[in-house]
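Below is one structure; the comments refer to it alone.
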Amino acid sequence: MTSLGSGVTKLLGRLSIDPSIRQSQLARELSVTRSAVNQLWKKLEQECKLRILSNLDYKSIGFYLIYGWVATRTDNESLSKFTKWVDNNQYTISIAKSQITSKMDNRVFFEALVPEGNDFRSYLDTLERFRKKPYTLDVTYDLTLNVANHFNFGYFNGTSWAFQTDFRFEASIDAAKKYADILPVGQSRRQGPIQRASLQDITIAAALESNYFCTSSDLSNILSRVGLDKPSERTLRRRTTKFRTSIAQPYISLDNIGLTKMVVITLEASEQSDVTKLLRSQAVTLPKVRVLSGSDSIVLILGLPQQTELVHISNAMATIVGAPSEMCTFIAQQVRNRRWLENIVHKMTVRTRMKKKRPRA
């Protein structure tokens with residue numbers, strides 16, 4: 001990994017608290033020049049691919065964020081068929097295969113962004129089919145109610161992570177148990193009621209997902225590229241500001257900082273249960289985590305230092321949860337690069353243009 005230095009560590013620590021903060025404000029709060037912040041920012045962009053992305057209220061633009069996992073102890077052929085289907089599906093955005101699990105089985109974790117209507121029903125119907133003969137896989141899935149991404153640079157000195165020796169996840173969660181009802185859960189994006197949206201609005205939201213600071217000029221170019229009508233830049237600025245404040249939650253994206261081990265923790269529990277509330281609130285104590293929670297489950301996708309032991313995390317989680325049969329911890333490997341809403345929108349706009357070009361009968 002790249003050695004970043006103490007200046008970058010301070011910047012990242014402040015940015016992790018509020019990823020929407022502008023460079024000028026960062027400079028004031030860190031008591032350095034705007035030029036110094038810009039230089040550090042460019043260093044992070046070049047060496048660690050720094051980006052400020054957004055989790056969205058996907059339901060407000062007509063999409064369901066689905067997540068789930070499929071497991072088997074013996075039928076790896078059926079699991080391979082499921083993996084092939086979910087990988088090829090245009091709405092699947094993320095897939096991870098287990099390397100070793102606390103339940104000693106084989107698992108595939110997935111996320112999907114599916115538009116409401118027939119495509120949504122078809123996606124769920126196919127998931128249900130993999131539960132039945134001839135597959136009979138253990139299929140669990142949920143509709144996301146809350147989504148969050150957190151970084152905690154308290155373990156990071158600019159060169160390495162002291163997470164293994166300083167790991168107090170079990171102790172901190174155990175101490176917080178009696179405060180489950182009042183603990184803050186950190187920054188997250190709650191999913192509202194499902195609504196239909198124009199392809200233009202979906203495209204604007206997709207641009208914000210990939211770049212929270214996307215400008216009206218950027219959006220104008222994107223709309224032109226996908227063949228959609230583009231409003232004036234003034235109108236785009238107004239709509240972008242509205243979307244940024246109403247449906248977008250910014251978060252940091254960084255690579256090459258030593259968090260190379262991917263660990264997935266799945267738990268079947270009610271959204272209102274104490275353990276779900278605890279996990280959502282205490283997730284911010286981990287170095288890097290994506291949290292997805294639904295009405296009946298919660299998933300933590302961790303980025304950890306390579307030397308972190310799975311058994312340590314698994315034992316801590318089992319102690320916290322108190323019902324090991326409902327929880328699984330596994331080291332995972334990403335099947336392919338993550339897809340984004342913009343990838344889905346591109347295919348939707350291509351289909352729309354093709355329909356317009358079809359001659360009438």
Count the heavy atoms belonging to other residues, nucleotides or ligands that lie under 6.0 Å from [atom1] of [X], then report whether that count exceeds 12.
X      : atom1 : answer
Arg190 : CZ    : yes
Asp229 : CG    : no
Lys97  : NZ    : no
Arg338 : CZ    : yes
Gln90  : CD    : yes
Asn88  : CG    : yes

Rounded to the nearest 0.5 Å, what separates atom [atom1] in [X] from atom [atom2] in [Y]?
X      : Y      : atom1 : atom2 : result
Ser253 : Ile52  : OG    : CD1   : 8.5 Å
Leu286 : Ile301 : CG    : CD1   : 12.5 Å
Arg339 : Asn337 : CZ    : CG    : 10.5 Å
Thr203 : Ile222 : OG1   : CD1   : 8.5 Å
Asn149 : Gln249 : CG    : CD    : 9.5 Å
Leu279 : Ile265 : CG    : CD1   : 7.5 Å

| message | As a quick check of understanding, evaluate side chain to side chain donor-acceptor pair (under 3.5 Å) for Asn38 and Gln23, giving each step before the final call. | response | CA-CA 7 Å; Asn38 185 253; Gln23 291 187 29; 3.1 Å; yes

Side chains of [X] and [Y]: does their closest heavy-atom pair fall under 4.5 Å?
X      : Y      : value
Tyr123 : Asn89  : yes
Leu15  : Ile252 : yes
Leu267 : Glu326 : yes
Val275 : Ile298 : no
Ile21  : Glu29  : yes
Leu12  : Leu44  : yes
Met348 : Ile344 : yes

| query | Does Trp85 have its ring centroid less than 6.0 Å away from the ring centroid of Phe110? | reply | no

| message | Is it the case that the ring center of Phe151 lies less than 6.0 angstrom away from the ring center of Phe153? | response | yes

| field | Face-on cation placement of Arg129 at Tyr135 ring, 6.0 Å and 45° thresholds | value | no

Does the side chain of [X] pick up a donor-acceptor pair with the side chain of [Y] at under 3.5 Å?
X      : Y      : answer
Ser297 : Asp142 : yes
Gln334 : Ser94  : yes
Asp218 : Thr215 : yes
Lys261 : Thr308 : no
Thr144 : Tyr58  : no
Thr101 : Ser98  : no
Thr260 : Gln306 : yes

| field | side chain to side chain contact (heavy atoms under 4.5 Å, CB included) between Leu65 and Leu292, worked out | value | CA-CA 9 Å; Leu65 179 57; Leu292 299 165; 4.0 Å; yes

Under 3.5 Å donor-acceptor, [X] side chain and [Y] backbone:
X      : Y      : value
Lys103 : Cys328 : no
Ser78  : Asp75  : no
Ser224 : Ser220 : yes
Ser198 : Asp201 : yes
Thr126 : Ser122 : yes
Ser281 : Leu278 : yes
Thr83  : Leu79  : yes
Thr241 : Arg237 : yes
Glu209 : Leu341 : yes
Gln272 : Lys277 : no

Quick one: do [X] and [Y] make a salt bridge, cutoff under 4.0 Å?
X      : Y      : value
Glu128 : Arg131 : yes
Arg107 : Asp105 : yes
Asp138 : Arg73  : no
Glu111 : Arg290 : yes

| Parallel under 30°, tilted from 30 to 60°, perpendicular over 60°: which one fits the rings of Phe130 and Phe82? | perpendicular

Could you pull out the closest heavy-atom pair between [X] and [Y], with the gap in Å?
X      : Y      : result
Ser210 : Trp340 : OG-CB, 4.5 Å
Ser216 : Leu236 : O-CD1, 3.7 Å
Ile257 : Phe156 : O-CE1, 4.2 Å
Asp57  : Ser60  : O-OG, 2.6 Å
Thr276 : Ser270 : OG1-O, 2.9 Å
Gln25  : Arg14  : NE2-NH2, 4.4 Å

| side chain to side chain contact (heavy atoms under 4.5 Å, CB included) evaluation trace for Phe330 with Ile100 | CA-CA 6 Å; Phe330 60 95; Ile100 183 171; over 6 Å; no

| Verify same cluster id: Leu145, Val289 (apolar side-chain graph, 4.5 Å) |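 No, because Leu145 and Val289 fall into different hydrophobic clusters, even though each may have its own neighbours under 4.5 Å.
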
| query | Is Trp69 reachable from Val147 through a run of I, L, V, M, F, W or Y residues, each pair having side-chain heavy atoms under 4.5 Å apart? | reply | yes

| field | Test log, rule side chain to side chain contact (heavy atoms under 4.5 Å, CB included), inputs Met327 and Thr266 | value | CA-CA 6 Å; Met327 185 269 296; Thr266 64; over 6 Å; no

| Can you check ring pair (Phe, Tyr, Trp, His ring centres under 6.0 Å) on Tyr155 and Trp161, steps first, answer last? | CA-CA 5 Å; Tyr155 303 101; Trp161 295 83; 7.2 Å; no

| Does the side chain to side chain contact (heavy atoms under 4.5 Å, CB included) test come out yes or no for Ser16 and Asn152, once each step is laid out? | CA-CA 7 Å; Ser16 66; Asn152 177 3; over 6 Å; no

